[in-house]
Amino acid sequence: MQLTEKLTINTPSSVQVITPDWVNNKIQLSIKRDDQIHSIISGNKWRKLHYTLDQAVTQKTKHIVSFGGGFSNHLHALGYCCHQLNIQFTAIVRGDYSKNLSPMLQDLLDWKTDVQYVDRVTYKKRTNIEYIQQLQKQYPHALLIPEGGSQQQALHGVANIITELPQTYDYIIAPVASGGTLAGLIKGVSTYSPTTQVLGIGVLKGQGYLEELVASLLPNSQAFNNWHINHDFHFGGYAKSTTELNEFCGDFLKQTHIPIEPVYSGKLIFALKRLIFEEFFPANAKVLILHTGGLQGARS
Ligand SMILES: *Cc1c(COP(=O)(O)O)cnc(C)c1O
């Protein structure tokens with residue numbers, strides 16, 4: 001069975017030139033619409049899961065286990081894929097939402113996911129070797145996938161984004177949470193577009209920590225000097241927002257007809273607006289926004 005027979009993925013995603021009123025004519029701004037590659041599977045989550053799911057299908061994997069929060073785009077994408085591929089899925093969720101299901105969790109239950117709520121202390125152990133071994137013992141036939149799908153194997157799928165680009169860009173900018181997307185972009189540009197700089201916008205308080213996460217995913221990380229993470233636009237932490245940010249998302253939709261949400265792409269594009277204002281980019285820079293999707297997480 002081919003993966004793509006069960007999941008209709010619209011790649012390559014399109015690239016659009018956009019001109020919101022805060023872009024001056026010194027910048028050429030484009031956006032790659034990975035939010036449009038599937039109606040349910042969030043853009044960058046597909047990129048990260050692509051080859052892992054390919055392998056799961058080839059190896060006839062019967063069960064997958066992964067981790068995430070109550071609104072996780074990763075659990076949502078993976079839950080849907082597992083449902084379509086007839087693979088049992090166990091989602092280990094941070095916090096007990098059983099009496100107050102999010103739309104994401106309701107979808108998972110509709111897709112027959114085995115949802116396991118754990119407390120924050122247990123959830124913190126999600127990368128701890130003994131905890132992983134214990135889970136592997138509990139689910140002996142399961143493939144365990146880390147939070148956000150961010151693992152070595154994810155990089156190849158994300159790097160494919162670069163092979164789809166119609167031209168060379170000076171900067172590609174993307175949000176950073178668990179680091180897999182940025183690591184894949186860094187690897188992709190170093191292979192396919194070595195003059196491009198990758199600029200990450202941290203969406204949570206993670207100065208130092210996010211750089212370590214990204215570096216830990218890159219083989220021979222010192223070899224890459226084509227990237228940087230800006231930490232000035234997390235708005236107080238993961239999923240924290242302000243009226244200004246929410247209004248910015250609405251205004252961007254009105255101006256460009258492209259939907260964004262405040263957890264990832266809202267912070268990303270808000271940061272971009274500020275950086276353009278501060279003349280961070282050299283004159284005539286070609287800047288590409290990666291729209292990573294994530295609109296399901298904004299339902300409530
Ligand atoms: C998960 C997610 C990100 C963050 O990607 P990481 O690889 O975890 O850094 C960005 N945007 C959206 C929409 C996401 O769902």
Side-chain angles (χ1 to χ4, degrees), residues 1-9 37-98 101-158 177-181 184 217 293-294 296-297:
M1 177 187 62
Q2 281 288 307
L3 193 54
T4 45
E5 278 171 25
K6 293 279 177 180
L7 308 166
T8 323
I9 304 288
I37 65 183
H38 192 275
S39 58
I40 293 172
I41 307 167
S42 187
N44 72 331
K45 299 307 184 283
W46 166 253
R47 301 288 188 176
K48 292 198 280 184
L49 290 168
H50 181 171
Y51 291 104
T52 302
L53 289 174
D54 236 359
Q55 195 182 345
V57 168
T58 310
Q59 297 178 347
K60 300 192 166 39
T61 300
K62 292 272 178 287
H63 187 191
I64 288 177
V65 178
S66 195
F67 311 85
F71 294 80
S72 166
N73 293 324
H74 164 68
L75 291 181
H76 194 253
L78 189 51
Y80 176 78
C81 290
C82 285
H83 181 59
Q84 291 299 105
L85 298 169
N86 225 348
I87 297 172
Q88 168 68 40
F89 180 46
T90 296
I92 298 180
V93 175
R94 178 185 52 218
D96 184 356
Y97 290 83
S98 54
L101 289 178
S102 64
M104 190 288 282
L105 288 164
Q106 188 58 59
D107 283 345
L108 286 189
L109 294 178
D110 292 346
W111 298 329
K112 315 266 184 303
T113 300
D114 162 38
V115 176
Q116 301 280 341
Y117 299 109
V118 299
D119 59 32
R120 269 136 224 276
V121 178
T122 308
Y123 193 82
K124 264 212 165 133
K125 296 196 282 190
R126 67 195 178 277
T127 56
N128 174 314
I129 291 187
E130 282 118 66
Y131 178 63
I132 295 292
Q133 284 171 345
Q134 178 207 316
L135 284 174
Q136 195 69 75
K137 229 185 239 167
Q138 188 179 346
Y139 305 114
H141 302 293
L143 171 67
L144 269 55
I145 297 180
E147 180 186 61
S150 288
Q151 53 185 350
Q152 286 278 330
Q153 221 174 7
L155 272 53
H156 181 192
V158 177
S178 66
T181 303
L217 290 165
Q296 78 77 24

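The chain is numbered in sequence order, starting from 1.
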- Atom pair CD1/NZ of Ile92 and Lys125 - distance to nearest 0.5 Å: 11.0 Å

- Rounded to the nearest 0.5 Å, how far does CG of Leu155 lie from NZ of Lys48? 10.0 Å

- At what distance, to the nearest 0.5 angstrom, does CD of Gln59 lie from CG of Asp54? 10.5 Å

- Task: Would you check if Gln88 and Cys82 make a side-chain contact, meaning some heavy-atom pair closer than 4.5 Å?
- Result: no

- Message: Less than 4.5 Å apart, side chain to side chain, heavy atoms only: is that true for Ser150 and Leu217?
- Response: yes

- Query: Are any side-chain N or O atoms of Ser102 and backbone N or O atoms of Gly70, one a donor and one an acceptor, separated by less than 3.5 Å?
  - Reply: yes

- Item | Smallest separation among heavy atoms of Gly294 and Ser42, with atom names | N-OG, 2.8 Å

- Task: For Arg47 and Ile37, run side-chain contact (heavy atoms from CB on, under 4.5 Å): C-alpha distance rounded to whole Å, both residues' side-chain angles, the deciding distance at 0.1 Å, then the answer.
- Result: CA-CA 10 Å; Arg47 301 288 188 176; Ile37 65 183; 4.2 Å; yes

- Message: Between Leu78 and Leu53, is there a side-chain heavy-atom distance shorter than 4.5 Å?
- Response: yes

- Item | Heavy-atom side-chain proximity of Asp107 to His76 below 4.5 angstrom | yes

- Query: Are side-chain heavy atoms of Lys62 and Ile87 found at a separation under 4.5 Å?
  - Reply: no

- Inter-residue atom distance Thr52.OG1 - Gln153.CD, 0.5 Å rounding: 3.5 Å

- Item | Residue pair Ile64 / Ala56: nearest heavy atoms and the distance that separates them | CD1-CB, 4.4 Å

- Query: How far apart are the closest heavy atoms of Ser98 and Asp96, and which atoms are they?
  - Reply: OG-OD1, 2.6 Å

- Query: Between the main-chain N or O of Phe71 and the side-chain N or O of Gln296, is there a donor-acceptor pair closer than 3.5 Å?
  - Reply: yes

- Please, which pairs that meet ring-ring contact (aromatic ring centres under 6.0 Å, His included) have at least one residue in residues 50-69, sequence neighbours excluded? Trp46-His50, Tyr51-His156, His63-Tyr139

- Query: Under 4.5 Å between any side-chain heavy atoms of Tyr80 and Leu108, yes or no?
  - Reply: no

- Does the side-chain contact (heavy atoms from CB on, under 4.5 Å) test come out yes or no for Ile145 and Gln151, once each step is laid out? CA-CA 8 Å; Ile145 297 180; Gln151 53 185 350; 4.0 Å; yes

- Query: Less than 4.5 Å apart, any side-chain heavy atom of Val93 and any of Leu105?
  - Reply: yes

- Residues Ser66, His74; criterion side chain to side chain donor-acceptor pair (under 3.5 Å); working and verdict: CA-CA 9 Å; Ser66 195; His74 164 68; 2.8 Å; yes

- Does some side-chain heavy atom of Ile41 sit less than 4.5 Å from a side-chain heavy atom of Ile9? yes

- Message: Going by side-chain hydrogen bond (donor to acceptor under 3.5 Å, both in side chains), name the pairs with one or both residues in residues 113-124, residues two or more places apart or in two chains.
- Response: Thr90-Asp114, Asp114-Gln116, Asp119-Thr122, Tyr123-Glu147

- Item | Gap separating the OG1 atom of Thr61 from the CD atom of Gln55, nearest 0.5 angstrom | 7.5 Å

- Which value, rounded to the nearest 0.5 Å, describes the distance between Leu143 atom CG and Gln136 atom CD? 8.0 Å

- Does the Ser72 side chain pair with the main chain of Leu75, one donor and one acceptor, at a distance under 3.5 Å? yes

